[in-house]
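Small disclaimer: the values here were computed from a predicted structure and weren't measured.
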Amino acid sequence: MSGVQALKHPKFISVEGADIYSRSKSDGIRFRFVSYNILAQVYVKSSFFPHSPSSCLRWKARSQAILAVLKNLEADFLCLQEVDEYDSFYNGNLERCGYSSLYIQRSGQKRDGCGIFFKRENAELIIEDRIEYNDLVNSMQDDDCSCEENSASHDVESSKGSSPKTTLADRGDPNDPRVRLKRDCVGIMAAFRLKKPFHHVVIVANTHLYWDPEWADVKLAQAKYLLSRLARFKTLVSEKFECTPSILLAGDFNSTPGDKVYQCLVSGKSSSELSPECLEELPLPLSSVYATTLGREPSFTNFTPGFTGTLDYIFFSPSDSIRPISLLELPESECPEVIGGLPNFSYPSDHLPIGADFEITME
C-alpha cells in the first residue's frame, strides 16, 4: 500500500452542545484553525527516527503526504512549525489551494521556520510582526543572572521535550546566560480581518520554542517574551483599527501540560531567572482549546519511542464572542497506526495536527 493511500485523515468532532449553540447563533463567523509541526526535512535522518520505515522518510513521499493531510484538513488558518522547503514546495503548492502565507525562518544557520497560511477568500491580512527570541540576549543586563545558578543541571523537569534534532555541542557554554538565550527560535503573529458575515479582527500567533528539557529556564524566558510581545501587538491592533480582536496562539511549545511554561501561558504571568528585568508583567488571559473543551489536554501530540507526550497547543482569548464548536480528533496510544512511533505511513510527521472550528458572534 502506498504512503498516501495509508494516510490517516483526522476528523473534526462537534463539541458537546455546540451544534445546538451553532443553530441558534447561525449568523456567526465560523472558521477552522489548525496547528501542525510538520517535521522539517532537514531533521529527517534515520539516526533520529530508526523506528520509521525509510521509504516514508524520503522527501518525495513525505512532502506529498504532508500536502495531502493539509488539503484534507480544509483549514482557514494553518499554523505550521518546522517548515523548510517553503519557497521550493509549500508556498506554491498551498497558494494553488487558495492560501496566502507569512513565513519566518529561524535565525543563524537553521533552515526551518514558522508559517501562517490563510485562506485569501475568508481572511484579509492587515498587519504582521515577527518574534526573534534571540532579542532576549540584547535585553540582558550584566547582573541579571548568576551564571552559577544557570548551569544545565538547574530546573530540570524530568525528560520533557521532544527528541533532540541538534547536537549538545550546538548549545554552547551553559554557564553563560547570553549563550543560553541564543537559541535561534522564532515566532510570527498577524492580524486578520474576517469578512463574512460581518467584520471581525483576529490575531493569529505561531511559534516554536526551544526543545531541550534541561533548559526549561530558556523556554520560560521565551514564553514570557512571547506573551509580552503578543500583549503589545494586541494593544497596537486595538488602537490602530479601533477594534477588540480575538487572539489565537498556536505552536510547538516543547512543554508538557502543567509545567512552568504551560502555566505561564494560561496564567499570563510567570518569573524566570533569565527573563530581562525590563520586561513588564503583561497578563494576557489565554485558555487552551482542548483543555477547556475536553477538560484535559490530548494524551500526546508527539509520539516517538524516546518520548510520547503533548507539546503542541492552541490557546485562545476567552470571551463571550468566541467559542470552539468542534475539535480535531487525535488517536490514542493503543491505536495501531501510532504503535511503534511516528512518522510512519499513516502520519508523515513525528507530531500530530491539532485543530478546532471556532464561531464568533456579534457582541
Residues in side-chain hydrogen bond (donor to acceptor under 3.5 Å, both in side chains) contact with [X], at least two apart in sequence or another chain:
| X | value |
| --- | --- |
| Asp76 | Asn122 |
| Ser107 | Glu132 |
| Glu74 | none |
| Tyr133 | Thr207 |

Contacts of type salt bridge (charged side-chain N to carboxylate O under 4.0 Å, His left out), residue Glu128, not counting sequence neighbours
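Once residues adjacent in sequence are excluded, the partners of Glu128 under the salt bridge (charged side-chain N to carboxylate O under 4.0 Å, His left out) criterion are Arg130.
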
If the condition is salt bridge (charged side-chain N to carboxylate O under 4.0 Å, His left out), which residues does Asp84 pass it with, not counting sequence neighbours?
none

Is the Phe253 ring parallel, tilted or perpendicular to the Tyr313 ring (thresholds 30°, 60°)?
tilted

Name all pairs fulfilling the salt bridge (charged side-chain N to carboxylate O under 4.0 Å, His left out) condition that reach into residues 185-197, sequence neighbours left out, sorted by first residue then second.
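Listed by first then second residue: Glu124-Arg193.
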
In chain order, what residues pass the side chain to side chain contact (heavy atoms under 4.5 Å, CB included) check against [X], with sequence neighbours excluded?
| X | answer |
| --- | --- |
| Gln105 | Tyr103 |
| Glu332 | Arg296, Ser299, Glu334 |
| Ala205 | Met189, Leu230, Leu249 |
| Ser333 | Phe300, Phe303 |

Taking C-beta and beyond as the side chain, do [X] and [Y] meet within less than 4.5 Å on heavy atoms?
| X | Y | answer |
| --- | --- | --- |
| Arg96 | Asn93 | yes |
| Phe198 | Asp27 | no |
| Arg106 | Cys185 | yes |

Value rounded to 0.5 Å, distance of [atom1] in [X] from [atom2] in [Y]:
| X | Y | atom1 | atom2 | answer |
| --- | --- | --- | --- | --- |
| Asn254 | Gln81 | CG | CD | 10.0 Å |
| Asn344 | Ser55 | CG | OG | 10.5 Å |
| Asn302 | Thr310 | CG | OG1 | 9.0 Å |
| Cys243 | Ile126 | SG | CD1 | 6.0 Å |

Name all residues meeting the ring pair (Phe, Tyr, Trp, His ring centres under 6.0 Å) criterion together with Phe192; count only those two or more places apart in sequence or in a different chain, and write none if there are none.
Phe77, Phe118

Is a salt bridge present between Arg323 and Glu359, judged by a nitrogen-to-oxygen distance below 4.0 Å?
no

Knowing that exactly one of Glu85, Arg58, Arg62 qualifies, which makes a side-chain hydrogen bond (donor to acceptor under 3.5 Å, both in side chains) with Gln41?
Arg62

Shortest non-hydrogen separation from Pro324 to Phe316 and the atoms involved
CD-CZ, 4.0 Å

Are Leu284 and Leu236 connected in a single hydrophobic cluster, I mean Ile/Leu/Val/Met/Phe/Trp/Tyr linked by side-chain heavy atoms less than 4.5 Å apart?
yes

Assess, by modelled atom type and distance only, whether the side chains of Thr304 and His51 contain a donor and an acceptor separated by less than 3.5 Å.
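No, because no side-chain N or O of Thr304 sits under 3.5 Å from a partner of the opposite role on His51.
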
